[in-house]
Amino acid sequence: MNSPGSHAVRLDRVSVYYGDVAALSDISLDLPSAEILALLGPSGCGKTTLLRSVAGFVPHRGEVYIGSRPMARVPSHRRNIGMVFQDYALFPHMTVAQNIGFGLRMRGLERAAILAQVAEALALVGLEGLQERMARQLSGGQQQRVALARALVIKPTVLLLDEPLSALDRKLREEMRSEIKRIQRHTGVTTIFVTHDQDEALALADRLALMHGGALLQLGTPEEVYRRPATPFVAEFLGAANAREAVCRELRGEFALLELPGVGMIRAARRAVALAPQQRVSVFIRPERIAVVPRATADPHALPATVAARTYLGRHLEFTLRLEDATTWIANVADEVVASSLGVGTPVFLKVEPDNVIVFAGADQRCEPGSAAIP
Amino acid sequence: MRAVGWFARSVTALVVICMLVPLIVVVGASLGGGNEIAFPPNGLSLRWYANVFERQRFLTAFQFSLLLACAATSLSLVIGLLCSVALVRYRFVGRDAVANLLNSPLMVPQVVLGMALLILFSQAAIVSSLIGLGALHLILAVPYTVRVLSAALVRLPVSLEEAAVIHGANRLAAFAMITMPNMKPGLVAATMFAFVTSFDNFTASQFLVWDRTTLPVEIYAYAMIESDPTVCAISTMLIIATVAIVVLAERWVGLETVTG
């Protein structure tokens with residue numbers, strides 16, 4: 001076992017090329033022991049390729065370290081990795097016990113020891129007593145748990161999960177999500193999982209790596225990545241965001257005064273980006289960070305708008321708001337008392353706390369790479 | 001809908017009858033008591049069956065055919081397995097060319113193939129039925145084993161083998177413990193195709209008979225000279241053996257997985 005705080009997995013400039021096409025370019029990251037890392041991104045972003053590089057399934061440049069050992073000369077079957085595949089890949093001709101015990105058998109354990117550890121692993125995933133069932137007779141959720149037990153029973157240095165929940169229906173998915181978290185906390189195994197589902201990534205991950213086009217755009221805690229996206233792509237991919245071009249008009253202490261042409265002025269915190277007056281910027285604002293208030297008290301930093309549509313979504317009301325220049329923003333209002341007073345056609349003010357205005361210098365330009373590092 | 005069902009059933013019945021009638025004629029004629037092949041048989045007797053077993057040449061030819069079929073089947077299974085792994089699991093330059101080449105023996109007329117091998121082995125002064133026919137039957141069986149085993153392998157997700165490897169099996173162990181058992185229906189089907197291809201072959205085989213001869217060639221030689229129902233008796237025994245094998249395969253892996 002690794003001591004807490006040590007790095008269980010380290011990638012040093014890992015690149016994968018298919019012909020001339022880079023499926024992964026120059027990925028470097030450190031994953032501390034006992035943490036869960038989510039690789040998140042749209043399909044084709046390289047997240048699965050990255051996972052498979054760690055497993056040793058794809059030839060790559062650069063080096064993968066597990067513990068402190070370089071893996072270049074270590075074949076997949078000697079890396080002591082546990083892995084759950086997207087289709088679970090349970091061996092159809094074997095029983096549940098044989099499936100789970102496979103890795104132990106390969107490690108040359110005695111039959112009695114295998115049986116004891118298999119029973120323990122089954123208990124861990126909540127499937128006591130199913131040893132003799134054939135793998136193909138199980139339901140999707142049970143197969144998932146068996147696949148997890150098979151990966152964990154070998155006490156792996158790293159656990160890899162490839163879209164582990166994508167084949168389950170919504171309710172089961174949420175149940176398994178908390179199951180995986182519970183089991184990971186219980187075993188303390190360092191975990192990397194691939195997903196395209198941002199809710200899953202936010203809920204499960206200690207650290208989140210957002211990937212796009214084979215590159216790592218940002219690595220940080222889910223909160224950091226959500227609140228301080230490193231690039232416009234990250235801002236739009238993770239969570240919804242109202243996007244807008246703006247011009248910086250004035251710097252005032254901690255704030256920058258931004259003009260949204262034809263819409264109004266808002267204040268933004270200056271922390272993230274170096275801003276200069278007259279600079280063109282891109283602004284992103286999360287729908288749940290917009291306060292919608294009746295247009296009563298004048299406020300120079302509130303944006304006038306009218307309610308164009310409202311949709312009741314249970315957890316909150318989604319407002320479609322028409323700004324002065326006839327474009328629309330989306331705002332989510334959780335407070336039903338406030339929301340109920342705002343019918344379609346109501347003139348309103350939109351207020352955004354300066355800290356919740358995400359600003360990028362230039363029109364659609366990436367931020368300085370420094371913001372992608374783990375502190 | 002009912003009309004279509006009725007039509008389809010009639011066509012099926014017709015096809016089955018057309019396939020069965022020759023067999024019924026052969027089986028019936030083999031039981032005849034007369035000296036000529038006749039259907040319906042005149043009188044019932046097993047004397048032609050007795051005649052088969054009295055003639056050493058049939059037994060010798062049967063033994064040789066069996067030996068050839070077993071050798072060609074096992075070799076073609078090994079070659080077919082290796083080729084289908086290469087063709088299905090790997091991408092390489094000339095992959096399509098190799099796949100087509102492996103199918104080519106099915107495109108060449110068997111007479112041409114037999115002649116070609118006859119010339120080749122004569123030039124090389126290799127006058128052994130075992131080597132000549134062994135090579136021929138291997139050439140004829142490999143296309144079937146490659147095709148059937150490739151189809152079986154394509155259906156197996158690569159992730160099964162990867163799951164075995166990541167949890168501690170080397171490539172060979174993963175293939176032997178995980179991939180092979182899940183290819184069982186394909187392996188049974190490939191075995192049957194290869195065996196029958198070898199055991200039944202006459203057209204090309206007749207060119208390569210030197211010191212030993214196969215059962216189909218022997219039957220043909222007998223029928224050239226004699227016109228009694230002995231050949232019907234042999235054929236009936238072969239039909240029974242074939243049915244027995246198919247039934248066993250059905251019991252073991254299920255027929256639809258073998259033929260489908």
Side-chain angles (χ1 to χ4, degrees), chain A residues 18-19 48 51-52 54-58 66 71 74-94 98-109 114 121 135-136 143 146-164 167, chain B residues 77 81 84-96 148-191 249-258 260:
Chain A
Y18 294 127
T48 297
L51 196 77
R52 295 174 61 80
V54 176
F57 290 152
V58 269
I66 295 179
M71 286 289 124
V74 182
S76 300
H77 69 280
R78 294 202 189 285
R79 291 190 177 190
N80 199 37
I81 289 173
M83 186 160 177
V84 175
F85 292 79
Q86 193 169 2
D87 59 358
Y88 312 139
L90 296 183
F91 309 134
H93 60 303
M94 292 185 177
Q98 287 168 335
N99 263 282
I100 298 175
F102 184 85
L104 299 174
R105 195 169 141 208
M106 290 299 108
R107 283 159 176 76
L109 265 72
I114 293 177
R136 57 171 176 268
Q143 289 190 23
V146 172
L148 198 56
R150 178 177 69 182
L152 287 169
V153 77
I154 58 173
K155 307 217 164 25
T157 320
V158 190
L159 175 66
L160 305 179
L161 310 171
D162 185 7
E163 301 259 6
Chain B
L77 280 176
L81 202 54
S84 54
V85 168
L87 290 174
V88 174
R89 293 286 194 245
Y90 296 92
R91 296 284 166 271
F92 52 89
V93 180
R95 185 173 153 272
D96 291 341
V148 173
L149 295 176
S150 295
L153 204 54
V154 163
R155 278 200 294 262
L156 276 190
V158 186
S159 57
L160 282 186
E161 225 164 295
E162 287 177 344
V165 166
I166 201 70
H167 295 125
N170 62 41
R171 289 271 164 200
L172 199 62
F175 188 78
M177 297 175 67
I178 305 301
T179 309
M180 288 274 280
N182 286 297
M183 288 176 72
K184 198 169 88 179
L187 286 167
V188 171
T191 305
E250 148 95 56
R251 282 281 167 78
W252 192 30
V253 286
L255 193 60
E256 65 275 33
T257 52
V258 174

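Here the structure is a predicted model, which is why all the values come from computation and not from measurement. We name chains A, B, ... by the order of the sequence lines, and we start the count at 1 in each one.
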*Asks:* Kindly indicate whether the side chain of Glu161(B), heavy atoms from C-beta on, has any atom under 4.5 Å from the side chain of Ile178(B).
*Replies:*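 Not in contact.
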*Asks:* Tell me, please, whether Phe175(B) has Arg89(B) positioned over its six-membered ring: NZ or CZ under 6.0 Å from the ring centre and within 45 degrees of its axis?
*Replies:* no
*Asks:* Do you know which of Ala173(B), Ala174(B), Ala164(B) has the most heavy-atom pairs with chain A at a distance under 4.5 angstrom?
*Replies:*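 It is Ala164(B).
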*Asks:* Between chain A and each of Pro181(B), Pro157(B), Ala169(B), count heavy-atom pairs under 4.5 Å; write down the option with the most.
*Replies:*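 Highest number of heavy-atom pairs under 4.5 Å: Ala169(B).
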*Asks:* Just by distance, do the side chain of Arg52(A) and the backbone of Val58(A) share a donor-acceptor pair under 3.5 Å?
*Replies:* no
*Asks:* Counting only heavy atoms closer than 4.5 Å, note whether Ala151(A) contacts chain B via side chain, backbone, both or neither.
*Replies:*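 Backbone plus side chain of Ala151(A), per the 4.5 Å heavy-atom cut-off to chain B.
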*Asks:* If I measure from the heavy atoms of chain B, does Phe57(A) come under 4.5 Å with its side chain, its backbone, both, or neither?
*Replies:*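 Contact with chain B is through the side chain of Phe57(A) alone.
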*Asks:* Could you tell me which portion of Arg79(A) (side chain, backbone, both or neither) has an atom closer than 4.5 angstrom to a non-hydrogen atom of chain B?
*Replies:*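 Answer is neither: Arg79(A) stays 4.5 Å or more from chain B.
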*Asks:* Take His77(A) and Asn170(B), measure what side-chain hydrogen bond (donor to acceptor under 3.5 Å, both in side chains) needs, and give me the verdict at the end.
*Replies:* CA-CA 6 Å; His77(A) 69 280; Asn170(B) 62 41; 5.0 Å; no
*Asks:* Short question: side chain of His167(B), backbone of Met83(A) - any donor-acceptor pair under 3.5 Å?
*Replies:*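 It does hold such a pair.
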*Asks:* With a 4.5 Å cut-off on heavy-atom pairs, point out which of Asp87(A), Val153(A), Ile154(A), Leu104(A) contacts chain B the most.
*Replies:*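 Ranked by heavy-atom pairs under 4.5 Å with chain B, first place is Asp87(A).
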*Asks:* Between Leu90(A) and chain B, which part of the residue has a heavy atom less than 4.5 Å away: side chain, backbone, both or neither?
*Replies:*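 For Leu90(A), backbone heavy atoms alone lie under 4.5 Å from chain B.
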*Asks:* If you count every heavy atom of other residues, nucleotides or ligands that lies below 6.0 Å from Arg95(B) atom CZ, does the total exceed 12?
*Replies:*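 More than 12 heavy atoms, drawn from other residues, nucleotides or ligands, come within 6.0 Å of this atom.
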*Asks:* In terms of heavy-atom proximity below 4.5 Å to chain B, should Arg105(A) be classed as side chain, backbone, both, or neither?
*Replies:* side chain
